[in-house]
Q: 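This is the structure I have questions about; it appears just below.
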Amino acid sequence: MALPQRNSGTLVAMCGRYLRRSDKQRIAEVFLLGKLPESFALSPDYNVAPTTFQPVIRLNRDTGAREIVMMRWGLIPYLAKSATEFKGFSAINARAEGLEAKALWRVPFQRRRCLVPADGFYEWKRLTLRAKQPYAYQMRDGHPFAFAGLWDAWKDPADGEWLQTFAIVTTKANELAAEVHDRMPVILHPRDYDRWLERGETYEPPVDLLRPYEADAMRADTCNPAVGNVRNNGPEMLNNI
DNA sequence: CCAGACGTTGTT
DNA sequence: GTCTGG
DNA sequence: CCAGACGTTGTT
DNA sequence: GTCTGG
């Protein structure tokens with residue numbers, strides 16, 4: 001079986017947990033989505049983990065308008081032949097430095113970019129071999145923001161069902177995040193949302209947007225170690241303990 | 001030419 | 001699909 | 001990302 | 001130690 005060998009311990013990603021406190025209404029406002037259908041439900045999630053379905057924003061292929069779609073976090077490449085081939089393969093992050101060169105990422109980077117709405121992300125600082133402390137990174141002004149995302153669609157040969165999945169692009173850490181790690185997720189400025197979402201093929205991909213966010217606009221706080229367990233959720237995840 | 005891969009980052 | 005290695 | 005599990009056999 | 005599930 002030609003599957004990429006999952007080698008745990010080496011398959012650990014940078015941005016592996018985030019939070020989305022904003023409700024449907026707030027996200028619609030901030031990301032200029034217009035009125036969302038009544039049927040679209042969205043609850044706050046203070047412990048967003050890989051493999052779960054999360055809202056992302058992209059341009060509708062036909063109308064070109066922004067749309068919000070639920071996708072699975074953990075990109076399954078369109079070239080995957082079977083689900084089992086990529087079982088355990090969680091491409092939850094994509095290194096910005098390799099987006100144009102790597103076969104796996106080039107097409108998604110050219111044609112399938114998306115915004116991932118969030119209000120913060122978590123990083124774990126290793127204190128000793130066994131002890132670790134989670135930190136929550138948020139905007140100083142408390143505003144929601146968007147990770148730079150890439151998505152893909154994969155058709156399950158078993159049942160013909162389409163599965164849409166996404167990954168979060170990472171880059172070098174800014175001065176704030178560097179205290180815990182040397183990488184951080186790419187966060188986009190609202191003025192760049194349109195360029196990131198553009199899905200034509202006859203232009204230069206927006207590589208200039210793949211930069212660490214301004215550290216002085218962000219804050220990092222120690223938070224509740226309970227966030228480590230994905231079953232725990234709620235505002236208390238942010239309690240400074 | 002074909003076969004096979006294609007991804008990520010942390011730690012003392 | 002597309003690139004690398006042999 | 002972290003938490004939590006991690007095994008085996010016989011039979012017409 | 002290493003893998004799966006969320």
Side-chain angles (χ1 to χ4, degrees), chain A residues 1-20 43 45-54 70-112 116 118 120-137 147-155 163 165-173 177-186 201 210 220 222-234 237:
Chain A
M1 186 160 53
L3 78 171
Q5 285 301 310
R6 180 184 167 127
N7 183 350
S8 197
T10 65
L11 192 81
V12 178
M14 175 57 201
C15 177
R17 215 71 76 82
Y18 65 92
L19 67 107
R20 194 193 57 258
S43 341
D45 191 338
Y46 287 81
N47 201 346
V48 176
T51 73
T52 63
F53 282 78
Q54 298 300 330
M70 300 301 286
M71 296 189 191
R72 176 190 181 271
W73 184 15
L75 188 137
I76 296 177
Y78 60 101
L79 50 86
K81 292 170 190 61
S82 67
T84 50
E85 182 183 9
F86 275 84
K87 190 165 190 255
F89 178 103
S90 279
I92 63 175
N93 295 135
R95 288 179 66 93
E97 296 87 339
L99 295 187
E100 292 187 291
K102 305 283 184 182
L104 187 66
W105 300 111
R106 193 160 64 198
V107 173
F109 181 50
Q110 283 177 341
R111 303 210 285 263
R112 292 190 292 272
V116 183
F121 61 94
Y122 300 105
E123 298 290 353
W124 279 260
K125 184 177 195 172
R126 182 73 62 174
L127 302 176
T128 67
L129 191 60
R130 305 196 56 151
K132 52 198 160 194
Q133 170 66 53
Y135 283 74
Y137 291 81
F147 296 126
L150 302 175
W151 63 275
D152 211 335
W154 174 78
K155 190 177 185 180
L163 178 65
T165 62
F166 73 97
I168 294 172
V169 181
T170 65
T171 186
K172 196 162 70 67
E179 292 171 24
V180 175
H181 290 312
D182 61 347
R183 308 284 302 172
M184 72 181 290
V186 172
E201 297 177 42
L210 302 173
T222 57
C223 65
N224 192 340
V227 76
N229 191 323
V230 297
R231 291 174 306 191
N232 298 324
N233 212 318
M237 295 299 102

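Residue numbering restarts at 1 for every chain, and letters A, B, ... go by the order of the sequence lines.
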Q: Look at the side chain of A:Ala103 and decide which nucleotide, out of C:dT2, B:dG7, E:dG6, has an atom nearest to it.
A: C:dT2
Q: Take atom CG of A:Asp152 and atom P of B:dC6, then tell me their distance rounded to the nearest Å.
A: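 Going from CG in A:Asp152 over to P in B:dC6 covers 17 Å.
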Q: Atom CZ of A:Arg231 to atom P of E:dG5: distance rounded to whole Å?
A: 15 Å
Q: Base, sugar-phosphate alone, or nothing: which one does A:Leu150 contact when heavy atoms must sit under 4.0 Å apart?
A: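 No contact.
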Q: Between atom OH in A:Tyr46 and atom P in E:dG6, what is the gap in whole Å?
A: 24 Å
Q: Could you tell me how far apart A:Gln133 (CD) and D:dC2 (P) are, to the nearest whole angstrom?
A: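 To the nearest whole Å, that distance equals 12 Å.
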Q: Round to the nearest Å and state the distance from A:Lys132 atom NZ to B:dT9 atom C1'.
A: 14 Å
Q: Whether A:Thr170 contacts B:dT9 is assessed here as follows: a side-chain N or O lying under 4.0 Å from the phosphate OP1 or OP2. Is that the case?
A: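 It does, given that an N or O in the side chain of A:Thr170 lies less than 4.0 Å from OP1 or OP2 of B:dT9.
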Q: Any side-chain N or O of A:Asn229 below 4.0 angstrom from OP1/OP2 of E:dG6?
A: no
Q: For DNA chain B, what is the dot-bracket line, given that a base pair needs Watson-Crick (N1 to N3, plus N6-O4 or O6-N4) or G-U wobble (N1-O2 and O6-N3) geometry with both distances under 3.5 Å, and | means paired with another strand?
A: ||||||......
Q: If the cut-off is 4.0 Å, is A:Arg95 near the phosphate of B:dG7, judged by side-chain N/O to OP1 or OP2?
A: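 The answer is no; no side-chain N or O of A:Arg95 sits under 4.0 Å from OP1 or OP2.
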Q: In whole Å, measure the gap between the C1' atoms of B:dT9 and D:dC2 for me.
A: 14 Å
Q: Out of C:dG1, B:dT8, E:dG6, which has the shortest distance to the side chain of A:Trp105?
A: B:dT8
Q: For A:Leu75 and C:dG1, give me the distance from atom CG to atom P, rounded to whole Å.
A: 17 Å
Q: Provide, to the nearest angstrom, the distance between the CG atom belonging to A:Asn232 and the C1' atom belonging to D:dG4.
A: 14 Å
Q: How long is the gap from CE on A:Met70 to CZ on A:Phe166, to the nearest 0.5 Å?
A: 9.0 Å
Q: Quickly work out the A:Gln54 CD to E:dG6 P distance and round it to whole Å.
A: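 These atoms are roughly 14 Å apart.
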Q: For A:Asn47, run the side chain to side chain contact (heavy atoms under 4.5 Å, CB included) check against A:Thr52, A:Leu19, A:Asn233, A:Asn229 and tell me which one passes.
A: A:Asn233
Q: What distance do A:Leu210 atom CG and A:Arg95 atom CZ have between them, rounded to the nearest 0.5 Å?
A: 12.5 Å
Q: Which value, rounded to the nearest 0.5 Å, describes the distance between A:Leu150 atom CG and A:Arg111 atom CZ?
A: 13.0 Å
Q: Expressed as a whole number of Å, how far does the P atom of C:dT2 sit from that of B:dG10?
A: 32 Å
Q: P atom, B:dT12 versus E:dG1: distance in rounded Å?
A: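 My reading of the P atoms in B:dT12 and E:dG1 gives 14 Å.
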Q: To the nearest 0.5 Å, tell me how far A:Arg17 CZ sits from A:Trp73 CH2.
A: 8.0 Å
Q: Give a yes/no answer on whether the side chain of A:His181 brings an N or O atom under 4.0 Å of OP1 or OP2 in B:dG10.
A: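 It does, given that an N or O in the side chain of A:His181 lies less than 4.0 Å from OP1 or OP2 of B:dG10.
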Q: Between E:dC3 and B:dC6, how far apart are the two P atoms, rounded to whole Å?
A: 16 Å
Q: Say whether, by atom type as modelled, one donor and one acceptor occur between the side chain of A:Gln133 and the main chain of A:Asn224 under 3.5 angstrom.
A: no
Q: Does a side-chain heavy-atom distance below 4.5 Å link A:Asn93 with A:Arg183?
A: no
Q: With under 30° as parallel and over 60° as perpendicular, where do the rings of A:Phe121 and A:Tyr137 fit, or are they tilted in between?
A: parallel
Q: Can you check whether A:Arg126 has a side-chain N or O nearer than 4.0 Å to OP1 or OP2 of B:dT9?
A: no
Q: With a 4.0 Å limit, can you tell me whether A:Lys102 has a side-chain N or O closer than that to the phosphate oxygens OP1/OP2 of C:dT4?
A: no
Q: Mind checking if A:Ala101 touches a base, just sugar-phosphate, or nothing, with heavy atoms under 4.0 Å?
A: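 It contacts nothing in the nucleic acid.
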